[in-house]
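Protein chains get the first letters and strands the later ones, always in sequence-line order, with residue 1 at the start of each.
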Amino acid sequence: MLTQAPRGTKDVTPELSAGWQVIEARMRDICARMGYREVRTPTFEHTELFLRGVGDTTDIVQKEMYTFQDKGERSVTLKPEGTAGVVRMLLEHKLFAEALPLKLYYLYSPVFRYDKPQAGRYREHHQFGVEAFGAAMPTVDAEQIALFWNLLTGLGLRDLSLHINSIGCPVCRPTYQAKLKEFLAGKLDHLCGTCKGRFDRNPMRILDCKSPECQAQLEGAPSVLDCLCEECKDHFDGLQAALATVNIPFEIDPRIVRGLDYYTKTVFEVLTKEVGGASLAVGAGGRYDGLVEQLGGPAMPGVGFGMGMERVLLVMERQGLLPGPANVADVFLCVQGESARLPALQLTMALRDAGIRADTDHMGRSLKAQFKYADKCGAKVVAVLGDEELATGQVTLRDMTTREEVRVSLAEAPAALQMKLSI
RNA sequence: GUGGGUGUAGUUCAGCGGUUAGAGCGUCAGAUUGUGGCUCUGAAUGUCGUGGGUUCGAUUCCCACCACCCACCCCA
């Protein structure tokens, strides 16, 4: 128990961290090129923020939040998603008064949901996400989706599909919901238990119910896309035109609804086709034009998405895209005899100062064992410092590929090694 | 939250109601005097997931709990 990570959490061990660093570097790079700047928000927030932001009828809020009282009797909650915290930051620092649009991203943001863990699903996972505030035009939706898509394809992921939909706005959605309820009213008895409850609370959630009975009842149901108001329709058309222009392949799926209450107009998901199982969502997002105002800020449109980093890594692992083990040192300096120990440490530090990935013995091993260890470290050059070398102020350099050995003076060693390693 | 499966060295896995529980890989050491990858030899490491029960005796059978995996639900 003591030596076991809590249920649903996962360690990043040394051999795993390289993969994280690869995706993080890509995220930073693509965001920098697209004008998104990094933000970091707290791991926990006042519970109220999520009740009002995410929506208190959602599954996330109703049964999955890590909520507790702190010692000051405040109710706080570990972030169950990334957007609410960023909006809170926007309001607190009045970032909405800056030049718009404000384009932000976060990565390795911990997200907590109390759920039963299984492959690709954790109680703590980490999200990469982007948010753009102030821009109402569909080109920004498309730009974000392109960012997302290009990130994933750039990482080498295959078998992805992008699904988009529009769920309307406060003007047209009530009309659609009324139509849908009218359509379903007679079929209520044939819906599953959860959907019976959804009928009054949030009838659109029935659309993406996975149960076959419900899906059967939805045959011939009105499509939200037929009920969009002019503004929403123009926006959705504009999104499709923009996506086509930047060559992002997409499918329209009128059944996408999403589990968070704040979405308006655009919603989208990126799925990966998994063999023998259901497709896994690696990320999803959409537009939330009413959220900033709902949380007490000015009326300001917004759009964003969140991506599960563990899921991307999982897909990369399954598709053989993770980097192999990296070497830990380019140069290993062997210590031969105790009188060489401190000079070896000194030389190793000098090599490091010269930008060389160098290491030396800290185990008191035999020379042979030091060579074996150097080999395991992936050293391209092994240096030896012993009595013979110390007597002449030199160090022996052995090229581990060609087995050639040369001796150079201690002072020349950094430059000689830089040359050999072509740094 | 519901249903099913699994749990034995660091790791991948054998094994059996009965003596000191095994193998491959990994780790460490050695194969003479200052030199790696290959090979050979040897060594260390297990409360057999945890706690109960059945039994003369349990790692093996039963129950509970914990963890992981799979499906559902939900979602990233």
Undergrad: Which value, in whole Å, describes the distance between the P atoms of nucleotides B:G15 and B:G51?
TA: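 Their P atoms lie roughly 25 Å apart.
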
Undergrad: For the side chain of A:E389 and the base of B:G34, is some donor closer than 3.5 Å to an acceptor across the two?
TA: yes

Undergrad: Determine the Euclidean distance between corresponding C1' atoms of B:G22 and B:C61; express it in Å to zero decimal places.
TA: 22 Å

Undergrad: On RNA chain B, nearest-nucleotide positions of A:G386 versus A:R365: which is more 5'?
TA: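 Upstream on the strand: A:R365.
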
Undergrad: For the residue pair A:R123 and A:Y114, would you count it as a cation-pi contact if the rule is NZ or CZ under 6.0 angstrom from the ring centre and within 45 degrees of the ring axis?
TA: yes

Undergrad: Looking only at N and O atoms, is any donor in the side chain of A:K376 or the base of B:G26 less than 3.5 Å from an acceptor on the other one?
TA: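 A donor-acceptor contact between them is absent.
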
Undergrad: Taking the P atom in each of B:A58 and B:U12, what is the distance between them to the nearest angstrom?
TA: 29 Å

Undergrad: Taking atom C1' of B:A76 as reference, at what distance in whole Å does atom CG of A:L162 sit?
TA: 16 Å

Undergrad: Counting only heavy atoms not in A:E404 (residues, nucleotides, ligands), do more than 12 fall under 6.0 Å from its CD?
TA: no

Undergrad: Select base, sugar-phosphate, or nothing to describe what A:G129 touches, counting heavy atoms under 4.0 Å on all strands.
TA: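 If one applies the 4.0 Å heavy-atom cut-off, A:G129 turns out to touch nothing in the nucleic acid.
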
Undergrad: Expressed in angstrom and rounded to an integer, what is the separation of A:K380 atom NZ from B:G37 atom P?
TA: 19 Å

Undergrad: Calculate the interatomic distance between A:L367 atom CG and B:G34 atom C1'; express it in whole Å.
TA: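 Going from CG in A:L367 over to C1' in B:G34 covers 5 Å.
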
Undergrad: Report which part of the nucleic acid A:D59 touches: base, sugar-phosphate, or nothing (heavy-atom distance under 4.0 Å, all strands).
TA: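 Sugar-phosphate contact only - A:D59 comes under 4.0 Å of backbone atoms but never of a base.
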
Undergrad: Measure OH/A:Y106 against C1'/B:A76 and give the value in whole Å, please.
TA: 10 Å

Undergrad: To the nearest angstrom, how far is A:K116 atom NZ from B:C74 atom C1'?
TA: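 Roughly 13 Å, once rounded to whole Å.
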
Undergrad: What's the gap between B:C25 and B:U33 when it is taken at their C1' atoms, as a whole Å value?
TA: 33 Å

Undergrad: Can a donor-acceptor pair under 3.5 Å be found between the side-chain atoms of A:E405 and the base atoms of B:U35?
TA: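 Checked by distance alone, the answer is yes.
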
Undergrad: So what does A:Q370 touch, heavy atoms closer than 4.0 Å: a base, only the sugar-phosphate, or nothing?
TA: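 Answer is nothing: A:Q370 stays at 4.0 Å or more from every strand.
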
Undergrad: Write down the partner of B:G51 under the Watson-Crick or G-U wobble criteria, each distance required to be under 3.5 Å.
TA: B:C63

Undergrad: Between A:Y108 and A:W20, is the gap from one ring center to the other below 6.0 Å?
TA: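 When the ring centroids of A:Y108 and A:W20 are compared, they turn out to be within the sub-6.0 Å range.
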
Undergrad: Using a cut-off of 4.0 Å on non-hydrogen atoms, how would the nucleic acid contact of A:A284 be classed: base, sugar-phosphate, or nothing?
TA: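 Sugar-phosphate: the residue A:A284, judged by heavy atoms under 4.0 Å, touches backbone atoms but no base.
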
Undergrad: Has the side chain of A:R311 got a donor or acceptor that lies under 3.5 Å from a partner of the other kind on the base of B:C75?
TA: yes

Undergrad: Separation of A:K368 atom NZ from B:A31 atom C1', in whole Å?
TA: 7 Å

Undergrad: For A:R205, report the nucleic acid contact type (base, sugar-phosphate, nothing); a contact means any heavy atom under 4.0 Å.
TA: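 Sugar-phosphate: the residue A:R205, judged by heavy atoms under 4.0 Å, touches backbone atoms but no base.
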
Undergrad: Scan A:V384 against the nucleic acid and name what it touches under 4.0 Å (heavy atoms): base, sugar-phosphate only, or nothing.
TA: base

Undergrad: If the P atom of B:U27 is compared with that of B:U11, how far apart are they to the nearest Å?
TA: 15 Å

Undergrad: Find the partner of B:A76: check Watson-Crick (N1-N3 plus N6-O4 or O6-N4) and G-U wobble (N1-O2, O6-N3) distances, both under 3.5 Å, and reply none if neither fits.
TA: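 Across all strands, not a single nucleotide pairs with B:A76.
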
Undergrad: Using a 4.0 Å heavy-atom cut-off, does A:Y373 contact any base of the nucleic acid, only the sugar-phosphate backbone, or nothing at all?
TA: nothing

Undergrad: By nearest atom, which of the nucleotides B:G37, B:A76, B:C70 is closest to the A:A119 side chain?
TA: B:C70

Undergrad: Look at the side chain of A:R121 against the base of B:C74 and say whether a donor-acceptor pair falls under 3.5 Å; ignore hydrogens and angles.
TA: yes

Undergrad: Quick check: closest heavy atoms across A:S161 and A:E251, and the distance to 0.1 Å?
TA: CB-OE2, 3.9 Å

Undergrad: Where the side chain of A:R7 is concerned, which of B:C74, B:C69, B:C68 is the nearest nucleotide?
TA: B:C68

Undergrad: According to the Watson-Crick and G-U wobble definitions, with both distances under 3.5 Å, which nucleotide is paired to B:A14?
TA: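 Pairing partner, where one exists within any strand: none, as none qualifies.
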
Undergrad: Please state the P separation for the pair B:A64 and B:G3 - nearest whole angstrom.
TA: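 Taking atom P in both B:A64 and B:G3, they lie 12 Å apart.
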
Undergrad: Any donor and acceptor pair, going by atom type alone, linking the side chain of A:E81 with main-chain N or O of A:T83 inside 3.5 Å?
TA: yes

Undergrad: A:F183 ring centre to A:K187 NZ or CZ under 6.0 Å, with the angle to the axis within 45°?
TA: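 Yes, A:K187 sits over the ring of A:F183.
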
Undergrad: Mind checking the C1' distance from B:A71 to B:C65? Whole angstroms is fine.
TA: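 Roughly 23 Å separates the two C1' atoms.
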
Undergrad: Between A:R365 and A:Y373, is NZ or CZ placed under 6.0 angstrom from the six-membered ring centre and within 45° of the ring axis?
TA: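 Judged by the rule (NZ or CZ under 6.0 Å from the ring centre, within 45° of its axis), A:R365 counts as positioned above A:Y373.
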
Undergrad: Judged by each residue's nearest nucleotide on RNA chain B, which is more toward the 5′ side, A:P6 or A:M400?
TA: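 Counting from the 5' end, the first nearest nucleotide belongs to A:M400.
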
Undergrad: Is the ring centre of A:Y262 less than 6.0 Å from the ring centre of A:Y288?
TA: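 Yes, ring centres under 6.0 Å apart.
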
Undergrad: By the 4.0 Å heavy-atom rule, please label A:G285 as base, sugar-phosphate, or nothing.
TA: nothing

Undergrad: Which base, if any, makes a Watson-Crick or G-U wobble pair with B:A29, both distances under 3.5 Å?
TA: B:U41

Undergrad: From CZ of A:R407 over to P of B:U35, roughly how many Å is that when rounded to an integer?
TA: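 So the two atoms are 13 Å apart, to the nearest Å.
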
Undergrad: Quantified in whole Å, what is the C1' atom distance between nucleotide B:C38 and nucleotide B:A31?
TA: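 Each nucleotide's C1' atom is 14 Å from the other's.
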
Undergrad: With a 3.5 Å cut-off and heavy atoms only, can you find an N or O donor on one side and an acceptor on the other between the side chain of A:D375 and the base of B:G37?
TA: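 There is none.
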
Undergrad: Under a 3.5 Å limit for both distances, which nucleotide forms a Watson-Crick or G-U wobble pair with B:U2, could you say?
TA: B:A71

Undergrad: I'd like to know if A:R403 reaches the base of B:G37 with its side chain, counting only an N/O donor and acceptor under 3.5 Å.
TA: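 Yes.
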
Undergrad: Report the distance from atom CE of A:M307 to atom P of B:A76, rounded to the nearest whole Å.
TA: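 The answer, rounded to whole Å, is 13 Å.
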
Undergrad: Both distances under 3.5 Å, Watson-Crick or G-U wobble: report the partner of B:G34, or none.
TA: none

Undergrad: Among B:G34, B:G36, B:C73, which is the nearest nucleotide to the side chain of A:K372?
TA: B:G36

Undergrad: Which one of A:L421, A:V328, A:D330 satisfies the side chain to side chain contact (heavy atoms under 4.5 Å, CB included) criterion with A:R357?
TA: A:D330

